[in-house]
Undergrad: 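Below you will find the structure I want to go over with you.
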Amino acid sequence: MKLFFYIVLFFSLNLFASNPQVYAALGDTIYNNAPKIEKLKDIEKFKIIKLDVEKYVSMVKLIKEYGFAVEKKDKRYNQKEYLQHLRKLSKKNDFFVKFAKNNFKLSIDNEDSKTFEKIINTGLIDTKRNKDKIMQYYFAHQNEVDPKGVIQAFLDQDAKLREKQMQSKKQSKSKKELEAERIRYIRENDKRKHEALQRKLLEEVNRKKLEIRQEQKKELFN
């Protein structure tokens, strides 16, 4: 009761706007994951842990206020006690994260699209690392899964990537076309020069033939 009484004094702060800097390496993970863990209670299949989630999130909020009080060096709050609370919360945090990961895998194995759709959007799943699994499941169950959220973000990213690749191909194609045009011009120009040289040689041959005939006629009539 004493802990609760003192913490209520600080409850007017924005609970998830920032975190206490005392033991931040441990606290940040707990505080940042709390809103994600809270989403688990809205998943139909996880009603069994709804009360546990609500109690956990409430405790996280209280301990966070405790942490702010420690940070302000309020003598009514003990830093070592705060650390002990964080360690307990850390174990529960790890439990919920593991719970989410296990059920993510089960939702795929059991083709439970509703749970799959909800759990990937909690933020507790490393979606970048599991992108292939997520998208493979989505494409196999498009009629059952609402893409809003993580999946839509992936679809948008892939669309931009495809567009970028297409633009790159177009640019590459243009360069190839320009190179082909240059080579064609060079070949045609070489061909024109060759034909002009051939005509000149032929004219020279014909001229010499004509001179020879004229010389022969002169000799014949003389």
Side-chain angles (χ1 to χ4, degrees), residues 13-21 24-54 56-61 64 89-181:
L13 292 173
N14 189 335
L15 297 178
F16 291 104
S18 59
N19 301 326
Q21 295 303 302
L26 183 59
D28 283 350
T29 299
I30 295 168
Y31 300 133
N32 295 339
N33 273 352
K36 302 173 186 177
I37 290 171
E38 190 170 20
K39 292 179 182 178
L40 292 175
K41 71 177 186 179
D42 298 325
I43 299 176
E44 183 69 22
K45 194 172 183 178
F46 302 156
K47 279 186 175 181
I48 191 172
I49 64 167
K50 182 177 180 179
L51 187 58
D52 291 330
V53 170
E54 289 176 344
Y56 171 75
V57 172
S58 294
M59 183 55 67
V60 169
K61 291 177 180 179
K64 185 172 184 177
L89 290 176
S90 180
K91 290 179 180 179
K92 291 184 177 181
N93 170 82
D94 293 346
F95 164 78
F96 286 119
V97 171
K98 188 175 181 180
F99 176 85
K101 289 179 179 178
N102 288 340
N103 279 277
F104 165 66
K105 293 177 182 177
L106 285 173
S107 69
I108 293 176
D109 294 340
N110 298 331
E111 297 186 88
D112 183 354
S113 297
K114 288 185 178 179
T115 301
F116 170 83
E117 175 189 317
K118 294 283 187 180
I119 206 163
I120 62 173
N121 285 306
T122 61
L124 295 172
I125 305 301
D126 187 342
T127 53
K128 289 183 179 179
R129 185 176 181 180
N130 291 285
K131 180 180 178 181
D132 289 344
K133 290 181 181 179
I134 292 171
M135 297 311 291
Q136 284 174 10
Y137 185 89
Y138 169 69
F139 287 124
H141 302 81
Q142 289 188 58
N143 296 330
E144 304 169 7
V145 179
D146 184 351
K148 184 173 69 174
V150 169
I151 293 174
Q152 189 59 56
F154 283 148
L155 291 172
D156 292 342
Q157 289 172 6
D158 290 345
K160 289 180 181 179
L161 179 60
R162 285 195 298 273
E163 178 63 23
K164 189 175 181 180
Q165 289 174 336
M166 287 179 65
Q167 290 295 333
S168 180
K169 285 182 179 179
K170 285 181 180 178
Q171 291 177 356
S172 178
K173 185 178 180 181
S174 297
K175 290 179 180 178
K176 288 180 179 178
E177 288 175 345
L178 288 171
E179 182 64 15
E181 182 67 27

Undergrad: Heavy atoms only: give me the nearest Lys41-Glu38 pair and the separation to one decimal.
TA: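 The answer is CG-O, 3.0 Å.
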Undergrad: So, taking the atom named CD in Gln136 and the one named CG in Asn130, what distance separates them when rounded to the nearest 0.5 Å?
TA: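 Spacing of CD (Gln136) from CG (Asn130) equals 11.0 Å.
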Undergrad: Are Asp156 and Gln152 linked by a side-chain donor-acceptor pair shorter than 3.5 Å?
TA: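 On atom types as modelled, these side chains qualify, holding a pair under 3.5 Å.
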Undergrad: Would you please indicate if the ring centroids of Phe154 and Tyr138 are separated by under 6.0 Å?
TA: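 No; Tyr138 has its ring centre 6.0 Å or more from that of Phe154.
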Undergrad: Look up atom CG in Asp109 and atom CZ in Phe116, then write down how far apart they are to the nearest 0.5 Å.
TA: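 So the gap between those two atoms works out to 11.5 Å.
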Undergrad: Flag the pair Ile30 / Val60 as yes when at least one side-chain heavy-atom distance between them is below 4.5 Å, and no otherwise.
TA: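 In short, these two side chains touch, coming nearer than 4.5 Å.
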Undergrad: Counting C-beta onward and ignoring hydrogens, is there a side-chain heavy-atom pair between Ile43 and Asn103 closer than 4.5 Å?
TA: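 Of all side-chain heavy-atom pairs linking Asn103 with Ile43, none is under 4.5 Å.
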Undergrad: May I ask you to test the Asp126-Lys101 pair for a side-chain heavy-atom distance under 4.5 Å?
TA: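 Not touching, per the 4.5 Å side-chain cut-off.
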Undergrad: For Asp28, does its backbone N or O pair with a side-chain atom of Asn32 as donor and acceptor, under 3.5 Å?
TA: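 Between the backbone of Asp28 and the side chain of Asn32 there is a qualifying donor-acceptor contact (under 3.5 Å).
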Undergrad: How close do Ala100 and Ile125 get, heavy atom to heavy atom, and via which atoms?
TA: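 For Ala100 versus Ile125, the nearest heavy atoms are O-CD1, 3.6 Å.
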Undergrad: Heavy atoms only: give me the nearest Leu124-Phe96 pair and the separation to one decimal.
TA: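 That closest heavy-atom pairing would be CD1-O, 4.4 Å.
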Undergrad: Applying side-chain contact (heavy atoms from CB on, under 4.5 Å), run through Asp42 and Lys118 and close with a yes or a no.
TA: CA-CA 9 Å; Asp42 298 325; Lys118 294 283 187 180; 5.9 Å; no
Undergrad: If every non-hydrogen atom of Phe104 is compared with every non-hydrogen atom of Ile119, which pair is closest and at what distance?
TA: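 Between these two residues, the closest heavy atoms are N-CD1, 3.8 Å.
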Undergrad: Could you give the distance from CG (Asn93) to CG (Leu26), rounded to the nearest 0.5 Å?
TA: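 Output value for this atom pair is 9.0 Å.
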Undergrad: Take a 6.0 Å sphere around NZ of Lys131 and say whether it holds more than 12 heavy atoms from other residues, nucleotides or ligands.
TA: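 Buried by this count: over 12 neighbours within 6.0 Å.
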Undergrad: For residues Asn121 and Lys39, determine if any side-chain heavy atom of one lies less than 4.5 Å from a side-chain heavy atom of the other.
TA: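 No. Closest side-chain heavy atoms not under 4.5 Å.
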Undergrad: Within a strict 4.5 Å, meaning less than it, do heavy atoms of the Tyr31 and Ser18 side chains meet?
TA: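 With C-beta onward as the side chain, the pair stays apart.
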Undergrad: Taking Asn19's backbone N and O only, do any of them form a donor-acceptor pair with Gln21's side chain (distance below 3.5 Å, no angle check)?
TA: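 Looks like yes, one N/O pair under 3.5 Å.
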Undergrad: Looking only at heavy atoms, what is the nearest atom pair of Lys45 and Thr115, with distance?
TA: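 Looking at all heavy atoms of both residues, the shortest contact is CD-OG1, 3.7 Å.
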Undergrad: Hey, what do you get for CD (Glu117) to CG (Asp112), rounding to the nearest 0.5 Å?
TA: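 Taking CD in Glu117 and CG in Asp112, the distance rounds to 10.5 Å.
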Undergrad: Please tell me if the side chains of Thr29 and Ser90 come closer than 4.5 Å, counting only heavy atoms from C-beta onward.
TA: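 Contact flag for Thr29/Ser90 side chains = no.
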Undergrad: Rounded to the nearest 0.5 Å, how far apart are CD1 of Ile49 and OH of Tyr56?
TA: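 So the CD1 of Ile49 and the OH of Tyr56 are separated by 12.0 Å.
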Undergrad: Supply the atom-to-atom distance Lys92 NZ to Asp94 CG, rounded to the nearest 0.5 angstrom.
TA: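 Taking NZ in Lys92 and CG in Asp94, the distance rounds to 12.5 Å.
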Undergrad: Can you see which heavy atom on Val150 is nearest to which on Ile120, and at what distance?
TA: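 Closest pair (atom of Val150, atom of Ile120, distance): CG2-O, 3.3 Å.
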